[in-house]
Structure formats: C-alpha cells, structure tokens
Participant: 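Structure provided below as structure tokens; questions to follow.
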Amino acid sequence: MSTKETVLIRTDADGEIGVGHVMRCLAFTQAWRQEGGKCFFAMASIPSMLDDRLSRDGLKVTDVQSRQRADAEDAENTVEIAREIGAEWIIVDGYHFDSNYLKTIADAGLKMLLITDLAFEGPCPADMILNPNPHGKESMYPNRKPGTALLLGTKYAMIRQEFLAYKTWQRQFKPRARQILVTMGGGETSDALLRTVKVLESFTDENWQARIVLGPANKATSEIERICKNNPTKLQLERNVADMSELLAWADLAITGGGSTCWELAFMGLPALTIILAENQRPIAQALAKAGVVENLGWHSEASAELIDHHLKLIIKNSQKRETMSKKGRIMIDGQGSSRVVKAITEYNS
C-alpha cells in the first residue's frame with residue numbers, strides 16, 4: 001500500500017476545545033506520510049506551543065481567515081486552501097463543524113473524512129466517518145449519504161509514533177505505585193487539576209513522586225506552580241512536553257481526563273483514574289471503566305478531594321488490579337488504528 005495523495009486537515013485547538021483533535025490528526029499524518037502522502041493543516045486557532053510541535057514535524061499550518069470560526073466563509077476558505085495545495089481529501093475534526101460546513105466541502109467535489117466522538121443528527125455528506133470510541137455505532141449517523149464508509153470502534157484509535165515505539169515494551173508492577181502522572185489535557189480543566197494536585201500535596205508517604213502536565217490554557221496555573229515550587233521533590237511540573245510517551249513509561253499510575261489521552265494510556269498499559277472534564281468524555285470514560293481499563297471517578301465537579309484521595313490510595317497499593325487494568329488496555333488498543341484509517345482511505349480511492 002502506498003499513496004502520493006495530499007490531505008488537508010481542518011481542525012482547531014484552544015483553551016475551550018483542547019488539543020486532542022490536533023494530536024490524533026497528527027497520528028494520522030505520521031502514518032499517511034509514511035506511505036508517501038503529504039499532509040497540511042488549516043486552522044482558525046492554535047496555541048503557539050502546538051504550532052511549534054507541528055512545525056518540528058515538518059507540517060505547515062495555514063491560518064483560516066473568517067469572521068467566525070466554522071462559518072460559511074471559513075468553509076469556503078478551507079476549500080480554496082485545499083485547491084491551492086492540490087488536496088484530494090479534507091479531514092474535518094471538531095464538534096463545531098455543522099452540516100452546512102460539510103456541505104460546502106462536498107459541493108466543491110472534495111472527498112471528506114469526518115472524525116468525531118459524537119452522534120451527527122443532521123445531513124452528513126462525508127465520504128467516511130471515523131468514531132474511534134467503544135460507543136461508536138452506525139445508528140449515530142442516520143442521515144449520512146449512501147455509501148458512506150464507517151470506521152467505528154477502538155480498532156481505529158490513532159496512536160502517534162512516539163508511543164508505537166513501546167509496542168513490545170513490558171511494564172513492571174510494583175507492590176505500591178510510586179510514580180504518579182497527572183495529565184488532564186490542554187484545555188481549561190475547571191478546578192479538577194488543582195484539586196488533584198492539592199490531594200497529592202497532602203500525601204504523607206515519603207517514597208513517591210508525581211509529575212504534573214500543565215496544559216497551555218489552565219486557569220489555575222499560578223496556584224499549581226506555587227504548590228509544586230513548595231514541594232519540588234514530590235511534585236514536578238511538566239510544560240511543553242515534547243514526548244508524552246516517556247512520561248507514560250515512567251509512571252506507575254495516571255490521573256487523567258476522559259479524552260483521547262485515554263487511548264495512549266491504554267496502549268502503554270498505564271492504569272488510570274479518570275475524571276470527566278467535558279460532556280463528550282462521558283461515554284469514553286464510562287466505556288473504558290466498564291471494560292476494566294480505567295477507574296472512572298465521574299464528572300469533575302463531583303470528584304471531590306476526598307473521593308480522589310480515597311480511590312488513589314486504594315489503587316496505589318493494589319498491584320494486581322493495576323496489572324489487570326494494564327493488560328485489558330493493551331488488548332483494547334493495539335496501535336494499528338492509524339494504519340487502518342490510511343488503508344481505508346487508500347482502498348476507498350481504488
């Protein structure tokens with residue numbers, strides 16, 4: 001299988017949206033370029049940190065000019081960008097792109113892959129729909145056009161190459177988890193991250209360490225910085241992380257949001273406590289908990305400090321449960337999702 005085609009990816013990232021849409025599209029670009037294809041990004045919003053990351057990967061980002069993100073002007077400009085670079089496909093990833101937006105792309109004669117975690121009730125003219133979640137079902141897309149290819153389920157979860165390097169790596173399970181990773185995405189995480197850091201601050205056990213990944217849009221940055229500065233041997237702040245796989249390999253346990261990061265944790269076999277930070281994360285966290293891959297602490301406003309503290313202390317000393325969660329995660333996410341998506345597009349063209 002090989003392709004010389006050019007793909008344009010239309011997505012966004014900011015404090016409200018987070019960075020997960022871009023990062024999973026980055027996983028696609030790595031697999032697509034490996035097969036000889038070309039990829040470009042068109043975005044209306046992107047944090048400078050993420051822009052730098054894409055540049056380091058040799059990916060060009062074109063600014064989509066419009067009065068309002070995802071409006072008619074945005075769609076028309078995206079079509080024009082696609083024509084300028086000679087793209088045969090546009091990949092659209094974001095919940096703010098509606099039927100009218102997708103119709104503009106389809107009417108321009110461009111092939112389209114819609115990546116979503118949600119149902120799409122309106123008319124959907126996409127050629128392919130990708131929902132890489134356990135709850136992804138055909139019935140979620142009742143108004144798709146005839147012949148639309150559906151890529152549903154975790155077999156299509158796209159994992160970046162930095163993680164794939166750990167495909168045969170074996171995790172060790174200590175009697176007590178000593179190294180804790182806290183990562184809640186690149187968006188605004190209400191006060192869930194701060195509450196978790198305060199729980200860790202109160203730990204009296206001597207032999208442990210936590211590394212806190214701080215996203216670019218967190219509202220509690222100054223308070224988290226203060227806590228970590230006062231506890232430098234226990235709480236280490238991580239900014240602008242270039243390689244998350246190293247942190248996931250380092251950790252014995254994670255406390256995380258319920259978004260796309262969960263697929264990376266599952267692939268790496270890292271047991272986790274999840275806190276739901278946005279409504280679209282709810283079915284993901286619930287499905288993973290049902291499968292025994294994570295322990296779900298529920299909606300962020302209901303995940304009190306006492307609840308976090310209780311579940312964290314229990315799982316820290318339960319190595320058997322952590323090992324079982326790890327094994328189930330690695331079975332669920334095999335790392336071949338990006339390759340399967342590339343193959344589906346290639347076969348759709350043939």
Side-chain angles (χ1 to χ4, degrees), residues 6-34 37-71 73-87 89-97 101 105 113 115-116 158-164 183-189 193 212-219 221 224-225 237-248 257 259-261 263-264 277-278 338:
T6 298
V7 170
L8 178 65
I9 297 171
R10 177 68 186 93
T11 189
D12 289 306
D14 59 25
E16 179 184 356
I17 297 171
V19 301
H21 299 287
V22 174
M23 297 311 286
R24 67 181 173 189
C25 286
L26 177 57
F28 169 83
T29 69
Q30 292 170 342
W32 187 256
R33 294 164 85 192
Q34 199 168 32
K38 297 179 181 179
C39 289
F40 296 84
F41 279 81
M43 302 181 67
S45 57
I46 180 173
S48 58
M49 176 189 72
L50 193 53
D51 195 11
D52 292 342
R53 168 63 195 270
L54 295 181
S55 295
R56 287 197 303 271
D57 277 37
L59 292 161
K60 181 180 178 181
V61 179
T62 300
D63 182 23
V64 177
Q65 302 288 335
S66 64
R67 287 180 291 274
Q68 183 176 346
R69 184 169 61 192
D71 64 5
E73 184 182 13
D74 179 326
E76 291 166 0
N77 290 342
T78 297
V79 168
E80 186 59 32
I81 294 168
R83 286 173 173 160
E84 287 175 359
I85 64 174
W89 281 82
I90 292 184
I91 293 179
V92 179
D93 189 345
Y95 309 138
H96 49 302
F97 301 110
Y101 190 98
I105 294 174
L113 166 62
I115 303 178
T116 182
M158 297 187 290
I159 304 297
R160 301 193 303 278
Q161 288 177 353
E162 64 199 68
F163 299 101
L164 298 181
T183 175
M184 296 193 186
E188 299 172 1
T189 57
L193 181 59
I212 318 297
V213 179
L214 191 61
N218 195 280
K219 293 179 178 179
T221 296
I224 293 171
E225 287 176 337
L237 206 56
E238 301 285 348
R239 299 176 182 271
N240 302 328
V241 178
D243 187 352
M244 275 293 292
S245 65
E246 292 182 359
L247 289 179
L248 270 61
S260 57
T261 299
W263 309 134
E264 297 159 358
L277 305 173
S338 298

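Treat the numbers as computed from the prediction; the structure is a model and nothing was measured.
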Participant: Please enumerate all residues that pass side-chain contact (heavy atoms from CB on, under 4.5 Å) together with N77, with sequence neighbours excluded.
Facilitator: V64, Q65, E73

Participant: List in chain and number order the residues that pass side-chain contact (heavy atoms from CB on, under 4.5 Å) with A87, two or more places apart in sequence or in another chain; answer none if no residue qualifies.
Facilitator: T6, L8, A82, I85

Participant: Please round to the nearest 0.5 Å and tell me the distance separating atom CD1 of I115 and atom CD1 of I9.
Facilitator: 7.0 Å

Participant: Please report the interatomic distance CZ(R10) to CE(M43), rounded to the nearest 0.5 Å.
Facilitator: 7.5 Å

Participant: With sequence neighbours excluded, what pairs up with E246 under the side-chain contact (heavy atoms from CB on, under 4.5 Å) test?
Facilitator: Y166, D243

Participant: Got a list of side-chain donor-acceptor pairs under 3.5 Å for residues 45-54, not counting sequence neighbours?
Facilitator:
| from | atom 1 | to | atom 2 | distance (Å) |
| --- | --- | --- | --- | --- |
| S45 | OG | A13 | O | 3.4 |
| S45 | OG | R69 | NH1 | 2.8 |
| R53 | NH2 | E162 | OE1 | 3.0 |

Participant: Mind listing the closest non-hydrogen atom pair of F97 and A70 along with its distance?
Facilitator: CD2-CB, 3.9 Å

Participant: To the nearest 0.5 Å, tell me how far I159 CD1 sits from L164 CG.
Facilitator: 7.0 Å

Participant: Identify the two heavy atoms, one from S66 and one from D71, that lie closest to each other, and give their separation to 0.1 Å.
Facilitator: CB-OD1, 3.4 Å

Participant: With rounding to the nearest 0.5 angstrom, report the CG to CG distance, D12 to D93.
Facilitator: 10.0 Å

Participant: Just say parallel, tilted or perpendicular for the rings of F28 and W32, cut-offs at 30° and 60°.
Facilitator: parallel

Participant: Holding to salt bridge (charged side-chain N to carboxylate O under 4.0 Å, His left out), I want the full list of residues that pass it with E80, two or more places apart in sequence or in another chain.
Facilitator: none

Participant: Going through the checks in order, is the side chain to side chain contact (heavy atoms under 4.5 Å, CB included) test met by T183 and M244?
Facilitator: CA-CA 10 Å; T183 175; M244 275 293 292; 4.0 Å; yes

Participant: Does the gap between the ring centers of Y95 and H21 come in under 6.0 Å?
Facilitator: yes

Participant: Let me see the working for F40 and I81 under side chain to side chain contact (heavy atoms under 4.5 Å, CB included), right down to the final yes or no.
Facilitator: CA-CA 10 Å; F40 296 84; I81 294 168; over 6 Å; no

Participant: Is there a side-chain contact between I17 and V22, using heavy atoms and a 4.5 Å cut-off?
Facilitator: no

Participant: To the closest 0.5 Å, what do you measure between SG (C39) and CG (D57)?
Facilitator: 11.0 Å

Participant: With Q34, which residues qualify under side-chain contact (heavy atoms from CB on, under 4.5 Å), at least two apart?
Facilitator: Q161

Participant: Drop me the distance from M158's CE to Q30's CD, to the nearest 0.5 angstrom.
Facilitator: 10.5 Å

Participant: Can you give me the closest heavy-atom contact between S338 and A31, atom names plus distance?
Facilitator: CB-CB, 3.6 Å

